[in-house]
There are 2 protein chains.
Amino acid sequence: MAGRPAEPHVIWARPERAGRGPKPAFSRADIAAAAVRVADAGGIDAVTMRQVAAELGCGTMSLYNYVPRKEDLYELMADRVAGEYDLPEKPSGDWRADLTALAHRARAMMRAHPWMARLMSAVYGFSPNAMRYLEHSLACLDALDLPYGEKMELVAMVNGVVTTYVANELQTAERARSLPWSAEQEHAVRIAYMGREIASGRYPRLAAAFAEDSGPIDLDAVFDRALARVLDSFTTRRPENP
Amino acid sequence: MAGRPAEPHVIWARPERAGRGPKPAFSRADIAAAAVRVADAGGIDAVTMRQVAAELGCGTMSLYNYVPRKEDLYELMADRVAGEYDLPEKPSGDWRADLTALAHRARAMMRAHPWMARLMSAVYGFSPNAMRYLEHSLACLDALDLPYGEKMELVAMVNGVVTTYVANELQTAERARSLPWSAEQEHAVRIAYMGREIASGRYPRLAAAFAEDSGPIDLDAVFDRALARVLDSFTTRRPENP
DNA sequence: CTTAGTTACGTACAACGTACGTAGTGAGAT
DNA sequence: ATCTCACTACGTACGTTGTACGTAACTAAG
């Protein structure tokens, strides 16, 4: 009976290779890669122990030798994606530019793996690669004269903006994966309902907002504005509050 | 064969009471209330069709007369909680104060129903009560001279801050509900791992950040600072960027 | 009164996470 | 060289989930 302890454990603290016995057929990286492949192809709900095992080409229960609980599989996945960044370059010294670039890359990553938004809120945020990412974020702020507490708050806010906006953007499309109809159909029906509701006159300001002719929404621009505002708030002095 | 159409539908567009046949034993509000009670008591994972039906005192499959799919049950729950706000009062004219108060109430609501954070990202955001809330948010900004597009962005950022911070705050505790050990045990093991990792010297800035003696973190203060920053960024003019 | 649509709900099924047991493997101890 | 035993591999099985489907009872519309 191996590897399913009844006490709390962190997958990262568990040695990948045990001393005795035959050598494992797969590495942790193999398993994370397989799970990520399954999620990219079929969404996060397709990531079942059976599917991942099939992708690896082994029996379902063999997976449990590597991953005691399904949540640990999620942690492996999140960490692997967090490791996809190229972070070797040294910060340029312009913290605003560096952090903006980093946020853009984080956003691109989450759009490349649309299931990550949901996963990140289901998983403990301190895997090895997540810590590497965090360390790099702080390194970008070396030139900024602030206590680390505030730097952490800045980084948290930037990450918050990224996940919030990407999640909003992808939620409809991702949720539609589990539905028997298409995302477009779903969207059309929702919009029709909202249109009827707004036309009722009960929501005058919402009506005005939707009537406002501003052309199609540029999601990139919206994201950039939100990010810039957060960065601004750490640059400018706040006006006194009565 | 009633009520499980193969085409897209919105629960809110479906009439609560059909013209023919015996009158339903429950109202939509009854069902939402029961589901919320189950979630408050046992977390979101306790909300199963069987449990909610048991809470109502009816057969499992009877629920499907009211709620075609489980996701619709989630929508009912989210809408009910969104309806728990008291919003009758007119905005005071001080949009900053009004929006701050509103954000505080939203935060309190999400802490009172810790499962809401996860639910809101799984559900389409335009239920009747959500629209009421949005309309009220816009009403708070009546005095602010901005196009509706920007007002919507402001409201979205405020809501984003609320959900982000509450989710971070609650995620450990909520996740621990499904684990065979306690949140405290889990936390202790995680902290121990991080401590070992940080002591390795690979994350000098993280180490410095954790070493920085700032006393226990005041989550309320952190939230207030983040919120204030977002509001600031719509008040102050942004300095020119080179 | 008829009839057709609605409500109520028991049964059944596929898919899930995973507990458990068994068989085989191979590195360290003797 | 042989023994030993932790470890790997994985089939079987159980409890739980969402929900498709069928049946029986009920009631408003024609």
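Chain letters run A, B, ... following the sequence lines, proteins first, then strands; residues in each count from 1. Quick note: numbers below take in every heavy atom, side chains included, and nothing from hydrogens, waters or symmetry partners.
- Between Lys70(B) and Pro24(A), the one whose closest nucleotide on DNA chain D sits nearer the 5' end is Pro24(A).
- Which of dC9(C), dA9(D), dT18(C) sits closest to the side chain of Ser62(B) comes down to dC9(C).
- The distance from atom CE of Met49(A) to atom P of dG11(D) is 15 Å, rounded to the nearest whole Å.
- At least one side-chain nitrogen or oxygen of Tyr66(A) sits closer than 4.0 Å to the OP1 or OP2 atom of dA9(D).
- Counting to the nearest Å, the P atom of dG18(D) and the CG atom of Leu73(B) are 9 Å from each other.
- One interatomic measurement links the two molecules: CG of Leu56(A) to C1' of dT8(D), which rounds to 15 Å at whole-angstrom precision.
- For the pair Arg111(A) and Glu169(A), the salt-bridge criterion is met [side-chain N within less than 4.0 Å of a carboxylate O].
- Residues Asp72(B) and Arg28(B) are not paired through a salt bridge, judged by the lack of any N-O separation under 4.0 Å between the basic side chain and the carboxylate.
- Using the six-membered ring where Trp is involved, Tyr124(A) and His187(B) have ring planes that are tilted, between 30° and 60° apart.
- Under the side chain to side chain donor-acceptor pair (under 3.5 Å) criterion, Arg105(A) pairs with Glu89(A), sequence neighbours left out.
- Rounded to whole angstrom, the span from the CD atom of Glu71(A) across to the C1' atom of dC16(C) amounts to 16 Å.
- You'll find a donor-acceptor pair under 3.5 Å spanning the side chain of Arg50(B) and the base of dG18(D), going by distance alone.
- Judged as a side chain to side chain donor-acceptor pair (under 3.5 Å), and not counting sequence neighbours, the contacts of Ser127(A) are Asp79(A).
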The contact string for nucleotides 24-30 of chain D, one letter per nucleotide 5' to 3', using protein heavy atoms under 4.0 Å with B, S and - for base, sugar-phosphate only and none, comes out as --BSBS-
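- If you check residues 38-48 of chain B against DNA chain C, you find no residue with a heavy atom closer than 4.0 Å.
- Of the candidate nucleotides dT19(D), dA8(C), dT18(C), dA8(C) has the atom nearest to the side chain of Ala25(B).
- For residues 30-42 of chain B, the set of pairs meeting the side chain to side chain donor-acceptor pair (under 3.5 Å) definition, not counting sequence neighbours, comprises Ser27(B)-Asp30(B), Arg37(B)-Glu55(B), Asp40(B)-His113(B), Asp40(B)-Trp115(B).
- Look at Glu75(A) and Arg175(B) and you find no salt bridge, because none of the NZ, NE, NH1 or NH2 atoms lies under 4.0 Å from a carboxylate O.
- Rounded to an integer number of Å, the gap from CG of Leu63(B) to C1' of dC9(C) is 11 Å.
- Taking atom OH of Tyr64(A) as the reference point, atom P of dG11(D) lies 15 Å away to the nearest angstrom.
- Every residue was checked against the side chain to side chain donor-acceptor pair (under 3.5 Å) condition with Gln171(B), not counting sequence neighbours, and none meets it.
- For Asn65(A) and dG24(C), the CG to P distance is 17 Å, given to the nearest whole Å.
- Checking dC20(C), dC21(D), dG17(C) against the side-chain heavy atoms of Met61(B) singles out dC21(D) as nearest.
- Using a 4.5 Å heavy-atom cutoff, the side chains of Val162(B) and Phe223(B) are in contact.
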